[in-house]
Amino acid sequence: RWTATRDKNCKLPMPKGSMGFPFIGETCHWLLQGSGFHASRKQKYGNVFKTHLLGRPLIRVTGAENVRKVLMGEHTLVTVDWPQSTSTLLGPNSLANSIGDIHRKRRKVFAKVFSHEALESYLPKIQQVIQESLRVWSSNPEPINVYRESQRLSFTMAVRVLLGFRVSEEEMRHLFSTFQDFVDNLFSLPIDLPFSGYRKGIRARDTLQKSIEKAIRRSPLCSQGKDYSDALDVLMESAKENGTELTMQELKESTIELIFAAFATTASASTSLIMQLLRHPPVLERLREELRARGLLHNGCLCPEGELRLDTIVSLKYLDCVIKEVLRLFTPVSGAYRTAMQTFELDGVQIPKGWSVMYSIRDTHDTFAVFKDVDAFDPDRFSQERGEDKEG
Ligand code: HEM
């Protein structure tokens with residue numbers, strides 16, 4: 001029945017691939033095989049293949065040129081469109097669910113949250129939360145689970161620093177475990193039955209929204225009276241500057257979306273960074289030298305709170321290369337979802353109008369021809385002299 005959805009006006013063939021079983025498609029294979037699922041199908045069918053995941057048909061796209069065409073075709077060839085479970089759980093007011101002009105406007109409002117000025121204002125609090133966590137980690141005589149601790153750190157940072165919520169330790173623990181239930185079920189089969197992942201995700205979202213509403217009502221709704229502006233203040237201010245006021249529902253959905261976007265990505269990236277630094281002592285030593293040269297590291301201790309400036313971080317060129325190399329080898333986000341607004345061509349096959357497209361970041365990094373010795377951890381490939389990334 002899937003060939004019926006090909007665009008008959010287009011002479012190009014459909015992508016190869018298997019649609020699996022009725023309704024569940026290849027979802028079980030995907031869940032069981034993890035990243036091996038895409039790798040095996042890519043090997044069998046090529047860079048553009050069709051499958052059926054999370055209750056809907058999907059075309060999976062790999063390869064720098066193909067991904068570039070999808071990303072450059074935002075609002076003309078494709079539009080953002082996440083699986084049904086993700087859309088429902090994030091809510092209708094989220095960026096992930098906004099298309100066309102609404103997405104452009106919302107993105108403009110969000111942009112101020114990431115402006116140089118805003119990032120500079122979060123910095124002292126970020127530094128404080130990181131230093132407190134590092135102190136606890138290093139005073140613990142037992143081995144620590146870096147990924148779990150990084151998740152906790154990213155979550156605390158998102159809740160306390162970015163969103164400025166004053167919540168007790170106990171509330172924070174409860175929020176963290178509810179948030180994990182929410183994230184674990186964001187990508188699930190959209191079957192709303194008792195004990196299904198989807199139902200669990202909906203329950204977690206409702207609990208989170210209630211706690212967030214309580215926290216928003218408790219905190220002063222603007223930076224006046226605070227010693228810094230948090231991302232929520234900036235978001236509300238930016239909305240006003242763009243001629244709108246955010247409703248409580250919009251605020252709650254934006255808050256959950258921001259925590260979701262920041263939490264798993266940052267925790268994954270910082271865990272991979274720590275792992276690679278432990279595996280590559282010369283890289284760690286060069287990083288320390290760079291920090292010492294900027295006066296940021298004295299006798300093994302990071303500079304005291306409040307001294308760090310955004311310009312200083314931006315000037316740490318070797319750190320930049322190390323982070324890029326970590327993100328290249330251990331991509332925290334495997335890819336993202338779009339829907340074809342019109343039929344278009346990729347790699348000699350048709351992407352029919354209305355089909356979902358998932359562009360793959362991880363598989364593209366793995367196979368991108370411009371990177372020499374792709375499996376090696378080699379931060380200098382991003383240095384000004386070599387600039388391998390500039391060749392792509
Ligand atoms: C290593 C860390 C991170 C990685 C690898 C990462 C990756 C990504 C990717 C690949 C997208 C595009 C998704 C798409 O095409 O639909 C994205 C979007 C987004 N990210 Fe991140 N992200 C990171 C950290 C963060 C943080 C810390 C925040 C917020 C504090 C954030 C907020 C967002 C938002 C709001 C969007 C949606 C933009 C839009 O739809 O216009 N991200 N991120």
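When a ligand or atom number is given, it counts from 1 through the structure's own listing order. Values reported hereafter were calculated over all heavy atoms of this structure, with side chains retained and with hydrogens, waters and symmetry mates removed.
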Practice item. For atom 26 (C) of ligand 1, find the nearest protein heavy atom and state the residue, atom name and distance (0.1 Å precision). Key: Ala262 CA, 3.6 Å

Review point. Taking NZ, NE, NH1 and NH2 as the nitrogens, is one of them in Arg106 or Asp101 under 4.0 Å from a carboxylate oxygen of the other?
Key: no

Practice item. Can you label the angle between the Phe263 ring and the Phe155 ring as parallel, tilted or perpendicular, going by 30° and 60°? Key: perpendicular

Check your understanding: Could Lys317 and Glu290 be called an ion pair, given the rule that one side-chain N must be under 4.0 Å from one carboxylate O?
Key -> no

Point to revise | Nearest protein heavy atom with distance in Å, relative to atom 22 (N) of ligand 1 | key: Thr265 CG2, 3.9 Å

Check your understanding: Does the protein put a heavy atom less than 4.0 Å from atom 17 (C) of ligand 1?
Key -> no

Point to revise | For Arg107, the ligand 1 atoms whose distance to one of its heavy atoms is below 4.0 Å | key: 39 (C), 41 (O)

Check your understanding: atom 12 (C) of ligand 1: which protein heavy atom is closest, and how many Å away?
Key -> Tyr359 OH, 3.9 Å

Point to revise | Sub-3.5 Å N/O-N/O distance, His103 and ligand 1 | key: yes

Check your understanding: Are a donor atom and an acceptor atom from the side chains of Arg362 and Ser334 found within less than 3.5 Å of each other?
Key -> no

Practice item. List the closest protein heavy-atom neighbour of atom 38 (C) of ligand 1: residue, atom name, distance to the nearest 0.1 Å. Key: Leu95 CD1, 3.9 Å

Check your understanding: Are any of the protein's heavy atoms under 4.0 angstrom from atom 5 (C) of ligand 1, yes or no?
Key -> yes

Practice item. Tell me whether the centres of the aromatic rings in Phe182 and Phe179 are closer together than 6.0 Å. Key: yes

Point to revise | Asp320 with Lys324: basic N within carboxylate O range, under 4.0 Å | key: yes

Check your understanding: Within the distance-only criterion (no hydrogens, no angle test), does the side chain of Glu325 pair as donor or acceptor with the backbone N or O of Phe382 below 3.5 angstrom?
Key -> no

Check your understanding: Would Lys69 and Asp347 pass as an ion pair if we require N to O under 4.0 Å?
Key -> no

Review point. Which of the atoms of ligand 1 are close to Pro332, meaning less than 4.0 Å from one of its heavy atoms?
Key: 5 (C)

Review point. Taking non-hydrogen atoms only, is Tyr337 closer than 4.0 angstrom to ligand 1 via side chain, backbone, both or neither?
Key: neither

Point to revise | Thr266 N/O to ligand 1 N/O under 3.5 Å | key: no

Review point. When you measure from atom 14 (C) of ligand 1 to each heavy atom in Ala336, Ser154, Ala111, Ala267, which option holds the nearest one?
Key: Ala336

Practice item. Classify the angle between the aromatic ring planes of Phe371 and His365 as parallel (below 30°), tilted (30 to 60°) or perpendicular (above 60°). Key: perpendicular

Review point. Do any non-hydrogen protein atoms sit less than 4.0 Å from atom 43 (N) of ligand 1?
Key: no

Check your understanding: N/O of Trp82 under 3.5 Å from N/O of ligand 1, yes or no?
Key -> no

Review point. Does Phe114 come within less than 4.0 Å of ligand 1, judged by its heavy atoms?
Key: yes

Check your understanding: Is at least one protein non-hydrogen atom found at under 4.0 angstrom from atom 31 (C) of ligand 1?
Key -> yes

Review point. What protein heavy atom sits nearest atom 20 (N) of ligand 1, and how far off is it?
Key: Ala261 CB, 4.0 Å

Practice item. Return a yes/no value: protein heavy atom under 4.0 Å from atom 36 (C) of ligand 1? Key: no

Check your understanding: Salt bridge between Asp206 and Arg203, side-chain N to carboxylate O under 4.0 Å?
Key -> no

Check your understanding: Non-hydrogen atoms of Ile361 versus ligand 1: any pair closer than 4.0 Å?
Key -> yes

Check your understanding: Arg338 near ligand 1, heavy-atom distance under 4.0 Å?
Key -> yes

Review point. Which residue owns the protein heavy atom closest to atom 7 (C) of ligand 1, what's the atom, and how far is it?
Key: Val333 CG2, 3.6 Å

Practice item. Out of Ser270, Ala269, Ser98, Ser272, indicate the one that has the non-hydrogen atom closest to atom 1 (C) of ligand 1. Key: Ala269

